[in-house]
Asks: 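Dumping the structure here so I can ask a few things about it.
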Protein chains: 2
Amino acid sequence: METKFGERLKDIRLHYKIWLSDDKETGIMGDGKWQMLKLIDEKGSMKAACDELGYTYRRTWGNLKKIEKFFGFPLLEKQRGGIDGGHTTLTEEGKRLVKAFDTFHDTVDSRIQQGFDRFIQELNQ
Amino acid sequence: METKFGERLKDIRLHYKIWLSDDKETGIMGDGKWQMLKLIDEKGSMKAACDELGYTYRRTWGNLKKIEKFFGFPLLEKQRGGIDGGHTTLTEEGKRLVKAFDTFHDTVDSRIQQGFDRFIQELNQ
DNA sequence: TTTCGATATGTTTATTTTTGCATATCGATA
DNA sequence: TATCGATATGCAAAAATAAACATATCGAAA
């Protein structure tokens with residue numbers, strides 16, 4: 001550790017968030033919703049996904065509604081009732097959206113990590 | 001516009017934030033502080049920088065204090081009093097930190113934009 | 001030695017976000 | 001047709017953030 005920074009650099013953690021909005025700054029897609037949509041499709045249930053991610057159902061429901069309002073068509077295939085109460089999965093469009101965001105992250109994640117590594121390295125010398 | 005998404009894609013704006021924290025999740029550096037530090041150094045004044053960026057002095061002062069507390073040494077060279085009230089610039093370490101974050105952004109910005117462009121393109125076909 | 005504007009900081013008030021609570025709906029299955 | 005658990009949604013409570021307000025301090029220059 002050659003520089004003054006050296007001491008603390010190992011305690012620094014990287015965070016980043018990518019999100020999309022319309023011109024009214026309404027968040028229409030982002031890391032949180034992306035993760036949530038993936039998990040809903042995997043679990044087949046909004047409630048199960050919320051429980052696992054630690055978000056309230058109320059909040060998630062409201063957020064996802066905003067995305068659909070923006071696009072004007074459903075991303076979620078919701079079913080109420082039945083012995084198990086109901087279930088939710090993604091529509092074709094929902095899946096496409098998630099997949100496109102997957103690709104987005106594949107494109108940027110490693111580069112951001114690389115940028116961070118260089119940042120630390122630069123402060124170290 | 002071949003897909004259902006087509007209609008709305010042109011209204012989508014990209015946003016992202018990169019920040020660093022310690023293990024207690026205290027924000028120790030990020031896009032906001034980066035911008036602020038640059039402007040303080042440029043203007044030679046915290047107040048002037050706050051006014052220009054639209055942040056309150058109180059808030060900025062508190063935030064910057066946190067960074068210095070984390071690193072354990074000053075990033076800002078502050079002078080009080082004098083005919084013009086005082087001024088603030090960056091210490092050598094402050095400049096190094098800003099410069100390293102500049103490099104970080106140079107590394108990632110274009111890639112993120114590229115990822116976004118691909119995202120839109122993918123939804124368009 | 002008075003002045004003036006920026007820095008310094010505690011306290012309080014507003015705003016914004018989230019959470020929590022309550023209650024209604026739905027419908028396959030027992 | 002009664003049940004059960006997830007979806008649907010309004011509303012109030014609370015928690016987290018930010019803005020405002022109020023002073024105090026500092027020190028070069030007039």
Side-chain angles (χ1 to χ4, degrees), chain A residues 15 17 19 21 24-33 35-37 39-70 73-91 94, chain B residues 15 17 19 21-22 24-33 35-70 73-91 94:
Chain A
H15 303 265
K17 275 186 72 171
W19 73 99
S21 75
K24 283 169 308 218
E25 299 302 301
T26 307
I28 54 177
M29 185 62 180
D31 293 340
K33 296 185 183 74
Q35 200 184 180
M36 179 59 77
L37 288 171
L39 197 57
I40 287 172
D41 205 41
E42 187 187 317
K43 298 252 170 194
S45 157
M46 272 181 63
K47 182 174 189 305
C50 292
D51 288 349
E52 179 156 330
L53 293 178
Y55 291 105
T56 61
Y57 179 89
R58 186 68 187 76
R59 173 186 176 187
T60 298
W61 178 85
N63 282 160
L64 296 180
K65 189 147 195 173
K66 280 184 203 163
I67 312 186
E68 294 188 324
K69 188 179 173 193
F70 172 80
F73 51 82
L75 301 170
L76 297 167
E77 189 90 52
K78 297 165 174 184
Q79 320 239 281
R80 302 206 302 179
I83 188 63
D84 58 355
H87 43 94
T88 301
T89 51
L90 298 186
T91 59
Chain B
H15 304 265
K17 276 185 70 170
W19 74 98
S21 76
D22 63 9
K24 282 169 308 215
E25 298 303 299
T26 307
I28 54 177
M29 185 63 178
D31 292 340
K33 296 185 182 73
Q35 200 184 180
M36 180 59 76
L37 288 171
K38 285 168 91 91
L39 197 58
I40 287 172
D41 204 41
E42 186 188 318
K43 298 253 170 193
S45 157
M46 271 181 63
K47 183 174 189 307
C50 291
D51 288 349
E52 180 156 330
L53 293 178
Y55 291 105
T56 61
Y57 178 89
R58 186 69 187 74
R59 174 187 175 186
T60 298
W61 178 85
N63 282 159
L64 296 180
K65 189 147 195 175
K66 281 183 205 164
I67 312 186
E68 295 188 323
K69 187 179 175 193
F70 172 79
F73 50 81
L75 300 169
L76 296 166
E77 189 89 53
K78 297 164 173 185
Q79 321 238 283
R80 302 207 301 179
I83 189 61
D84 58 356
H87 43 94
T88 301
T89 51
L90 298 185
T91 59

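In what follows, every chain begins at residue 1, and chains take the letters A, B, ... in the order their sequences are listed. This is a predicted model, so every value here is computed, not measured.
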Asks: Describe the nucleic acid contact of B/G86 in one word from base, sugar-phosphate, nothing, applying a heavy-atom distance below 4.0 Å.
Replies: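 Sugar-phosphate: the residue B/G86, judged by heavy atoms under 4.0 Å, touches backbone atoms but no base.
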
Asks: Mind listing the closest non-hydrogen atom pair of A/A49 and A/M36 along with its distance?
Replies: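 Closest pair (atom of A/A49, atom of A/M36, distance): CB-SD, 3.8 Å.
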
Asks: Looking at C/dA6, I'd like to know if its phosphate oxygens (OP1 or OP2) sit under 4.0 Å from a side-chain N or O belonging to B/T88.
Replies: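 So the side chain of B/T88 is outside the cut-off, no N or O lying under 4.0 Å from OP1 or OP2 of C/dA6.
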
Asks: Tell me the interatomic distance from A/Y55, atom OH, to D/dA6, atom P, rounded to whole angstroms.
Replies: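 About 21 Å, once rounded to whole Å.
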
Asks: So if I apply the salt bridge (charged side-chain N to carboxylate O under 4.0 Å, His left out) rule between B/E52 and each of B/K47, B/K38, B/K43, which one comes out positive?
Replies: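 It is B/K43, the one option of B/K47, B/K38, B/K43 that forms the salt bridge (charged side-chain N to carboxylate O under 4.0 Å, His left out) with B/E52.
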
Asks: Is there a donor-acceptor contact under 3.5 Å from the side chain of B/Q79 to the main chain of B/T88?
Replies: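 No; judged by distance alone, with no hydrogens or angles, the pair does not exist.
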
Asks: With respect to the side chain of A/R80, which nucleotide from C/dA6, D/dA8, C/dT19 is positioned closest?
Replies: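 Of the candidates, D/dA8 comes closest.
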
Asks: Between atom CG in B/L64 and atom C1' in C/dA8, what is the gap in whole Å?
Replies: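 The answer, rounded to whole Å, is 13 Å.
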
Asks: To the nearest Å, how far apart are A/H87 NE2 and C/dT29 C1'?
Replies: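 Value for this atom pair: 13 Å.
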
Asks: Atom CE of B/M46 and atom P of C/dG5: how far apart are they, to the nearest Å?
Replies: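 It is 18 Å, rounded to the nearest whole Å.
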
Asks: For C/dT19 and A/T56 - does any side-chain N or O of the residue sit under 4.0 Å from the phosphate oxygens OP1/OP2?
Replies: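 Answer yes for this pair, as a side-chain N or O of A/T56 is under 4.0 Å from OP1 or OP2.
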
Asks: Nearest nucleotide by nearest heavy atom, which residue falls closer to the 5' end of DNA chain D, A/R58 or A/G85?
Replies: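 Here A/G85 is the residue nearer the 5' end.
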
Asks: Return the value, rounded to whole Å, for the distance between atom CH2 of A/W61 and atom P of C/dT19.
Replies: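 Distance, rounded to whole Å: 16 Å.
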
Asks: Map A/K78 and A/I83 onto DNA chain D by nearest heavy atom, then report which one ends up closer to the 5' terminus.
Replies: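 Mapping each residue to its closest nucleotide by heavy atoms, the 5'-most match is A/I83.
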
Asks: Is the side chain of A/D41 donor-acceptor paired with the backbone N or O of A/L90 at a distance under 3.5 Å, no angle test?
Replies: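 Looks like yes, one N/O pair under 3.5 Å.
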
Asks: Using the side-chain heavy atoms of B/R59, tell me which of these nucleotides is nearest: D/dA18, D/dC26, C/dC26.
Replies: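 Nearest nucleotide to the side chain: D/dA18.
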
Asks: Classify B/K65 by what it touches in the nucleic acid, base, sugar-phosphate, or nothing, heavy-atom distance under 4.0 Å.
Replies: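 Touches sugar-phosphate only.
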
Asks: Please state how far atom NZ in B/K47 lies from atom C1' in D/dC26, giving the value in whole angstrom units.
Replies: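 Checked: the NZ to C1' distance equals 17 Å.
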
Asks: Is the side chain of B/S21 donor-acceptor paired with the backbone N or O of B/G27 at a distance under 3.5 Å, no angle test?
Replies: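 No, the answer is negative, given that no donor and acceptor are paired below the 3.5 Å cut-off.
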
Asks: May I have the distance from A/Q79 (atom CD) to C/dT29 (atom C1'), rounded to whole angstrom?
Replies: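 These atoms are roughly 16 Å apart.
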
Asks: In whole Å, what is the span from the CG atom of B/D84 to the P atom of C/dA6?
Replies: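 One finds 8 Å between P of C/dA6 and CG of B/D84, rounded.
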
Asks: Using heavy-atom distances to pick each residue's nearest nucleotide on DNA chain C, tell me which of A/G54 and A/G81 is more 5'.
Replies: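 Looking at DNA chain C, the more 5' nearest nucleotide goes with A/G54.
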
Asks: Describe the nucleic acid contact of A/Y57 in one word from base, sugar-phosphate, nothing, applying a heavy-atom distance below 4.0 Å.
Replies: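 Since a base atom lies under 4.0 Å of A/Y57, the category is base.
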
